[in-house]
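A short worksheet on the structure shown next.
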Amino acid sequence: MAKYIVLLGPPGAGKGTQAKIIAEKHGLVHVSSGDLFRENLKGQTELGRKAQGFMNRGELVPDDITIDMVRDRLKREDCVKGALLDGFPRTPAQADALEEMLKDFNGKVDIVPYIAVPSEVLIERLGGRWTCRLNGHVFHEKFNPPKKAGICDYDGSELYQREDDKPATVANRIKVYFEQTAPLIEYYRSRGLLAEVDGTLPIEKVTEKLMAAIEKAQ
Ligand code: AP5
């Protein structure tokens, strides 16, 4: 049976940072809805054009567009053993849609690690984030600096600051998270799938706790 892990947490909680590490350790494909949208923006596709305004304002892209995009990604051959989902689902309607689509892929959500981080920490994290252009590796100027400023440690590509990490957009992303995504904490807790992890710990400690929660669920 295919394995599906859903990483839940507010913007800047460390979902992308942890997903890259855990996906590699578990041999799972990392499927990030935000990265999929950003690839479409870069490629100036129709989907990218539809998503751009929502992303720049820090709002959620409508459910129908997002669900179709993720379903298409999960259908691909490399996801046959499952996936580590990062940033999806983000609304109860997306969570319902995920449950339905996974039936077609011979799977179900196995565990939902929730990386808990308070708002004031998120603002500092997003303000200092630098992302690599080639593969999306994530750094922080204070908490996880690259060896050489502006250059990715892993692939040597340029580091950039995301358009939606500007203070006003960050504030809206956090507000939208509490209004529209935080209800998923109860959604998954009530199904016995939630595993809460303290996301204020150093990156390596958060990884340890996430790995322990995932292993326990197997
Ligand atoms: P998306 O790209 O998913 O952004 P997000 O959820 O806001 O999450 P981030 O990528 O900002 O944060 P993260 O939790 O991955 O943290 P990171 O590891 O980078 O979405 C962007 C937009 O796309 C949305 O606003 C929306 O418009 C659209 N979208 C995407 N999915 C959608 C969906 N399902 N439905 C509708 N619309 C959707 O870490 C942050 C920083 O902190 C880094 O600098 C990192 O180095 C640092 N850090 C990480 N962990 C630690 C730690 N433990 N200690 C100290 N620093 C740390």
Side-chain angles (χ1 to χ4, degrees), residues 6-23 30-41 47-48 50-71 73-74 84-95 97-98 113-119 121-132 136-146 152-153 159-166 168-182 184 197-210:
V6 169
L7 268 192
L8 190 62
K15 301 182 297 297
T17 300
Q18 297 296 337
K20 284 218 176 310
I21 303 169
I22 293 166
H30 172 201
V31 173
S32 154
S33 44
D35 285 351
L36 291 173
F37 282 129
R38 280 183 288 279
E39 279 163 26
N40 277 280
L41 282 183
L47 175 65
K50 281 186 190 159
Q52 187 161 29
F54 297 102
M55 293 177 78
N56 288 348
R57 291 188 297 272
E59 294 167 9
L60 295 186
V61 179
D63 282 340
D64 53 344
I65 300 177
T66 307
I67 291 166
D68 286 349
M69 175 184 75
V70 173
R71 186 188 293 110
R73 179 65 190 90
L74 292 176
L84 176 56
L85 288 151
D86 156 15
F88 181 91
R90 246 176 162 100
T91 61
Q94 291 181 17
L98 178 65
Y114 160 50
I115 308 178
V117 177
S119 301
V121 178
L122 302 172
I123 293 167
E124 193 183 7
R125 284 198 186 170
L126 294 174
R129 170 165 63 183
W130 289 82
T131 305
C132 110
H137 294 111
V138 180
F139 298 87
H140 191 281
E141 54 197 29
K142 190 162 142 197
F143 306 128
N144 182 25
C152 177
D153 288 359
L159 300 179
Y160 76 102
Q161 288 197 289
R162 268 170 48 179
E163 196 54 37
D164 60 348
D165 281 348
K166 291 187 177 133
T169 318
V170 164
N172 198 41
R173 283 165 60 202
I174 293 173
K175 180 171 168 275
V176 165
Y177 167 80
F178 282 107
E179 288 169 0
Q180 300 188 47
T181 305
L184 290 183
V197 165
D198 178 359
T200 64
L201 298 170
I203 293 173
E204 307 71 38
K205 287 275 165 220
V206 178
T207 307
E208 271 175 32
K209 292 197 178 286
L210 288 171

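Positions are given from 1, in the same order as the sequence printed here. In each ligand, atom 1 is the first atom listed, and ligand 1 is the first ligand listed.
The closest donor-acceptor contact from the side chain of Asn172 to the backbone of Arg57 lies under 3.5 Å. A distance-only check finds no donor-acceptor pair linking the side chain of Lys15 to the backbone of Asp86 [under 3.5 Å]. Remark: side-chain polar atoms of His137 are not paired, donor with acceptor, to backbone N or O of Lys20 under 3.5 angstrom. Side-chain atoms of Thr169 never come within 3.5 Å of backbone atoms of Asp164 as a donor-acceptor pair (strictly under, hydrogens ignored). A donor-acceptor pair under 3.5 Å is absent between the side-chain atoms of Arg129 and the main chain of Asp165, judged by distance alone.
Within the 4.0 Å heavy-atom shell around ligand 1 one does not find Gly9. Under a 4.0 angstrom heavy-atom cut-off, Ser32 registers as lying outside contact with ligand 1. The closest approach between a heavy atom of Arg162 and any atom of ligand 1 is below 4.0 Å. Under a 4.0 Å heavy-atom criterion, Glu141 is not in contact with ligand 1.
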TODO: Give the C-alpha distance, both sets of side-chain angles, the deciding distance and a yes or no for side-chain contact (heavy atoms from CB on, under 4.5 Å) between Leu47 and Leu36.
DONE: CA-CA 10 Å; Leu47 175 65; Leu36 291 173; over 6 Å; no
Task: CA sep, side-chain torsions, deciding dist, call: Glu163, Met55, side-chain contact (heavy atoms from CB on, under 4.5 Å) - done: CA-CA 9 Å; Glu163 196 54 37; Met55 293 177 78; over 6 Å; no
Open item on the list: Pair Ile115, Leu210 - check side-chain contact (heavy atoms from CB on, under 4.5 Å), show working.
Closed with: CA-CA 9 Å; Ile115 308 178; Leu210 288 171; 4.1 Å; yes
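To the nearest 0.5 Å, the span separating CG on Leu85 from CG on Leu98 amounts to 6.0 Å. Expressed to the nearest 0.5 Å, how far CG of Asn56 lies from CG of Leu41 amounts to 7.5 Å. Atom CD of Gln52 and atom CG of Asn40 lie 11.5 Å apart (nearest 0.5 Å). Taking CZ of Arg73 as the start and CD of Glu39 as the end, the distance is 8.5 Å to the nearest 0.5 Å.
Checked against a 3.5 angstrom limit, the closest N/O atoms of Ala13 and ligand 1 fall inside it. Residue-to-ligand polar distances place Gly16 within reach of ligand 1: an N/O pair is separated by less than 3.5 Å. In terms of polar-atom proximity, Asp165 is not counted as a contact of ligand 1, lacking any N or O under 3.5 Å from an N or O of the ligand. Geometrically, ligand 1 and Pro202 share no nitrogen or oxygen pair separated by less than 3.5 Å. Any N or O atom pair closer than 3.5 Å counts here, and Arg129 shares at least one such pair with ligand 1. Between Gly12 and ligand 1, an N or O atom pair is found at a separation short of 3.5 Å.
Here the side chains of Trp130 and Gln161 are in contact, with some heavy-atom distance below 4.5 Å. Between Ile67 and Phe88, some side-chain heavy-atom pair lies under the 4.5 Å cut-off. Two residues are said to be in side-chain contact when any heavy atoms from C-beta on lie closer than 4.5 Å; Thr66 and Leu60 fail this criterion.
Ranking the protein heavy atoms by distance from atom 6 (O) of ligand 1 puts Arg90 NH2, 2.6 Å first. Counting protein heavy atoms only, atom 18 (O) of ligand 1 is closest to Thr17 OG1, 2.6 Å. The nearest heavy-atom contact from the protein to atom 35 (N) of ligand 1 is Gln94 NE2, 3.0 Å. Summary of contacts: the protein heavy atom closest to atom 22 (C) of ligand 1 is Met55 CE, 3.9 Å. The protein heavy atom nearest to atom 8 (O) of ligand 1 is Lys15 NZ, 3.3 Å. Annotation: atom 27 (O) of ligand 1 to nearest protein heavy atom, Glu59 O, 2.6 Å. The closest protein non-hydrogen atom to atom 11 (O) of ligand 1 is Arg173 NH2, 2.5 Å. Taking atom 54 (N) of ligand 1 as the reference point, the nearest protein heavy-atom neighbour is Arg125 NH2, 3.3 Å.
For ligand 1 and Thr66, the ligand atoms under 4.0 Å from any heavy atom of the residue are 33 (C), 34 (N), 35 (N), 36 (C). The distance from ligand 1 to the heavy atoms of Gly87 drops below 4.0 Å at these ligand atoms: 31 (N), 32 (C), 33 (C), 34 (N). Close contacts of ligand 1 with Gly199, meaning ligand atoms under 4.0 Å from a residue heavy atom, involve 53 (N). Less than 4.0 angstrom separates some heavy atom of Phe143 from each of these atoms of ligand 1: 55 (C), 56 (N). Every atom of ligand 1 is numbered from 1 in the order shown, and the set under 4.0 Å from a heavy atom of Leu126 is 11 (O). Residue His140 has at least one heavy-atom neighbour below 4.0 Å for each of these atoms of ligand 1: 44 (O), 46 (O). Atoms of ligand 1 lying under 4.0 Å from any heavy atom of Ser33, numbered from 1 in the order shown and given with element: 30 (C), 31 (N), 32 (C), 34 (N). Residue-ligand proximity, Asp164 to ligand 1, at heavy-atom distances under 4.0 Å covers atoms 21 (C).
Contact annotation: for Pro62 versus ligand 1, there are no heavy atoms closer than 4.0 Å. Only the backbone of Phe139 comes within contact range of ligand 1, with a heavy atom under 4.0 Å; no side-chain atom does. Contact annotation: for Leu201 versus ligand 1, heavy atoms closer than 4.0 Å belong to the backbone alone.
For Ser119, there are no side chain to side chain donor-acceptor pair (under 3.5 Å) partners two or more places apart in sequence or in a different chain. Checked against side chain to side chain contact (heavy atoms under 4.5 Å, CB included), Thr207 has the following partners two or more places apart in sequence or in another chain: Gln18, Ile21, Lys25, Ile203, Met211.
Residue nearest to atom 36 (C) of ligand 1, selected from Val61, Val206, Leu7, Asp198: Val61 (by heavy-atom distance).
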